[in-house]
Structures are given as structure tokens and as C-alpha cells.
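For reference, the structure is listed below as C-alpha cells.
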There are 2 protein chains.
Amino acid sequence: MEIRLSSSLEDYLKTIYLIQEENTVARVKDIALRLGVASPSVTGAIKVLKKLRMVEHNSYGYIKLTESGLETAKKVFETHQSIANFLHLVLGIDIETAEEDACKIEHIIGPETTYRLAKFLEFSAAPSSECRGCMARFSEWMTTNINKGYQKDK
Amino acid sequence: MEIRLSSSLEDYLKTIYLIQEENTVARVKDIALRLGVASPSVTGAIKVLKKLRMVEHNSYGYIKLTESGLETAKKVFETHQSIANFLHLVLGIDIETAEEDACKIEHIIGPETTYRLAKFLEFSAAPSSECRGCMARFSEWMTTNINKGYQKDK
DNA sequence: TTGTATATTTAGGGTTACCTAATATTATTA
DNA sequence: TAATAATATTAGGTAACCCTAAATATACAA
């Protein structure tokens, strides 16, 4: 009985989750601030998430994830972490870009891709893995080759 | 003077490109069929792409990419290939899922991520790369570990 | 406790991207 | 060539998601 949420709704859940993790209460204003949207957009999204039983909310009150909302939010966040780690630690992309890209990809890839990506990270970062040396070599190789190809503008 | 296209418009360009590559002429019907949308959606998109000077088109006629449209379409397609190859060859995801995921990610990641992903593939697949052994080990390791974690349902 | 500041919601719009049904054009074939 | 089939376009509608401006509710402080 898995409900397929939009990227946007997943972002709202993830944001509420992150606010809750900081032992803070989630308010419309905070969510709006973090997501860079206006307050009425948050009110609208919360109304939908409430109907889906992902959050609890009374008018003008605080917002809390339900068990089901928490579960989904955690999944999204974990997927985010795997992607961001891969982009940053393996590909060597700067942390800001890695986070930005991860924020978009997290809503798109299926569970199998997520699972395998996490496993790849686990494998390549394991202390015993010969892969560690290989990753270091790639890193070196990238640094020496970087100027021949893509140049970051802006 | 880079114009930021929507995922949807990029898909239309990519589809026209792929039809052109088959030495076939692109018609509304074909594009609609490949993308799984109705004809009026294609007509609408073509109107936008024409305004952006990405395609040439006269009413009731064939559709052709302009130089600028071709350039963008190629970029999208190349990004697609890098992602699909990574998902399939490195992570070992079945080709259909890899293609599906790539179709979504291709519109999202920036040029640096694309560049580095391609370089990673280049490095890890190079005949001289010690990484090849490492990738093979990962593949083995995945096969032995796969049942402990995620199981493909459906 | 009453006035003011802050936070939230409602109301009303805009954009993108799809759809179906109806109309117009082009192509085919009898 | 005239009728029919195939294709493309226009018209009109829906849903998701965002926005600003205005109204409403709550919190705080004099």
C-alpha cells in the first residue's frame, strides 16, 4: 500500500523531518524558509499531506509527522545521503553541488538503485577493500585530467 | 546564452534526435508514440521549441532540429548514456531499470556531475585500470550479499 | 487588557504539461 | 477526382505547484 508522492511533497516531509531531528517544533514559517517557498505554499502542501495521513496538524498549530510520514521522510533522507556521499566522496564533486544534485535525484531513483548505490559506497569505503586504493587513484587521475575537459564556470 | 529547458522539453528534443538518427523524418505521431503522450501535447511542445529556435516546423509538416536544438539534444542523450552505463555496468542494475532511471536523472544533473561521471566510467573501464578488478569484486560481492538486503518485488 | 507584531490561512492568479473532443488539413485509394 | 482514412491542430479543461495580497488568528508587551 505504497503511495507514490510527488517530489514536492517528499521535500516537505524531508524538511519537517530535519526540523524535528533538531528537537525543534515544525512551523509553517520554518518549512517555508528552508524550502525557499512562500507560506501559503506550505499551508497547501500540509493540507494534502494531512489528507494522506502523513502529518498531523490543527489550524494555526504545529506540524508533526505521523508514523507513516516519518517512515517516508527517513527513506527520502537516507537516499539523499547515499547520493550526496557518492557524488562527493567518489566523484569528488564539491559538497554544495553534490547536495543540490542529491536533492533532485533523491525523488527519482527507485529502491533498487538506492540500495545498490549504498552498497557500492559500503564496499568502496570498507577498510579492507582494495577499492579504496582504486578510488584514491581515480581522485588523483581526475585532478591531473580536470583541465582538459569540463571547466566550472560562474 | 544557455537556455534552461524543462525536463519535458528536453525529452521532446531527445526523441526528435533519436528519430532523426534512424534516418527517419520526425512527425507528431511518432514523437507522441515514443513519449507516450497524446498528439496535442506534441503540437504544443513543438510550438514552444519553435519559439526557442530549437526546431523548424511548418504546420502539418515534418519536424527538424535546428543546430541549437541538435546540440542540446545530443548533450541530453550523452548524459543519458553516461548515467545508464554507470547504473548498469557499475552498479549492476538491469538494463531496463537503468534506462528508466537515466531518463529522469539526465534532466537534473549539472554539467560537472555529468563530466565526472563520464570520467569515472572511463577510468574504471580502462584496460590498464586496476579498477577493473575492483569492479569485478564489487559485482561478486553484490551477488553474494544481494539477498540480505533489498529484494526486487513486483 | 488592549494594541501591535507575527504567523497562518484564504482568495485569486499564473505557468507547465498533460488530457479529450472537435475541427482542419493532407494523403490514399477506389 | 471524390470519398475516406490518417494525421495535425485548435479549443477547452484539469491538476500540481508555485506566487502575491488580503483577511484572520495568535502571541507578546506596554
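In what follows, every heavy atom counts, from backbone to side chain, and hydrogens, waters and symmetry copies are set aside.
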Evaluate the criterion salt bridge (Lys or Arg N to Asp or Glu O under 4.0 Å) for residue pair E10(A) and K14(A); output intermediate values, then yes/no. CA-CA 6 Å; E10(A) 283 187 355; K14(A) 188 186 67 177; over 6 Å; no

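- Between the CD1 atom of I46(A) and the C1' atom of dT8(C) there is a distance of 12 Å, rounded to whole Å.
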Protein-nucleotides 2-6 of chain C N/O pairs closer than 3.5 Å?
none

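- The CH2 atom of W141(B) lies 4.0 Å from the CD atom of E122(A); values are rounded to the nearest 0.5 Å.
- Atom CG in L52(A) sits 5.5 Å away from atom CD1 in I3(A) (nearest 0.5 Å).
- Going from atom CD1 of I63(A) over to atom P of dT9(C) covers 7 Å, rounded to whole Å.
- Checked against the 6.0 Å centroid criterion, the rings of F86(A) and F86(B) qualify as a close aromatic pair.
- Remark: I105(A) CD1 to I83(B) CD1 distance equals 7.5 Å, nearest 0.5 Å.
- Under a cut-off of 6.0 angstrom, the local environment of CZ in R137(A) is sparse, with at most 12 non-hydrogen atoms contributed by other residues, nucleotides or ligands.
- Between the side chains of H88(A) and E99(A), no donor-acceptor pair is found at a separation under 3.5 Å.
- At its two ends the helix from dT1(C)-dA30(D) to dA30(C)-dT1(D) runs along axes set 10° apart, each axis drawn from five pairs and the angle rounded to 10°.
- A close approach under 4.0 Å does not occur between any side-chain nitrogen or oxygen of K47(A) and OP1 or OP2 of dT9(C).
- Taking atom CD1 of residue I3(A) and atom P of nucleotide dA16(D), one finds them 14 Å apart after rounding to whole Å.
- The distance from atom NZ of K50(A) to atom P of dT8(C) is 15 Å, rounded to the nearest whole Å.
- Rounded to an integer number of Å, the gap from CG of L35(B) to C1' of dT16(C) is 16 Å.
- In this structure, K51(B) atom NZ and dT16(C) atom P are separated by 11 Å, rounded to whole Å.
- Atom OH in Y62(A) sits about 9 Å away from atom P in dT8(C), given to the nearest Å.
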Mind running side chain to side chain contact (heavy atoms under 4.5 Å, CB included) on D94(A) and T97(A) for me, showing each step along the way? CA-CA 6 Å; D94(A) 68 279; T97(A) 309; 2.8 Å; yes

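- Within 6.0 Å of the NZ atom in K104(B), the count of heavy atoms belonging to other residues, nucleotides or ligands exceeds 12.
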I need a per-nucleotide contact map over nucleotides 17-24 of chain C, read 5' to 3'. Cutoff is protein heavy atoms under 4.0 Å; write B for the base, S for backbone only, - otherwise. SSBBB--B

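- Atom CD of E22(B) sits in a crowded spot, with more than 12 heavy atoms from other residues, nucleotides or ligands closer than 6.0 Å.
- Interatomic distance, CG of L91(A) versus CG of N85(A), reported as 11.5 Å (0.5 Å rounding).
- Taking atom CG of D11(B) as the reference point, atom C1' of dT16(C) lies 14 Å away to the nearest angstrom.
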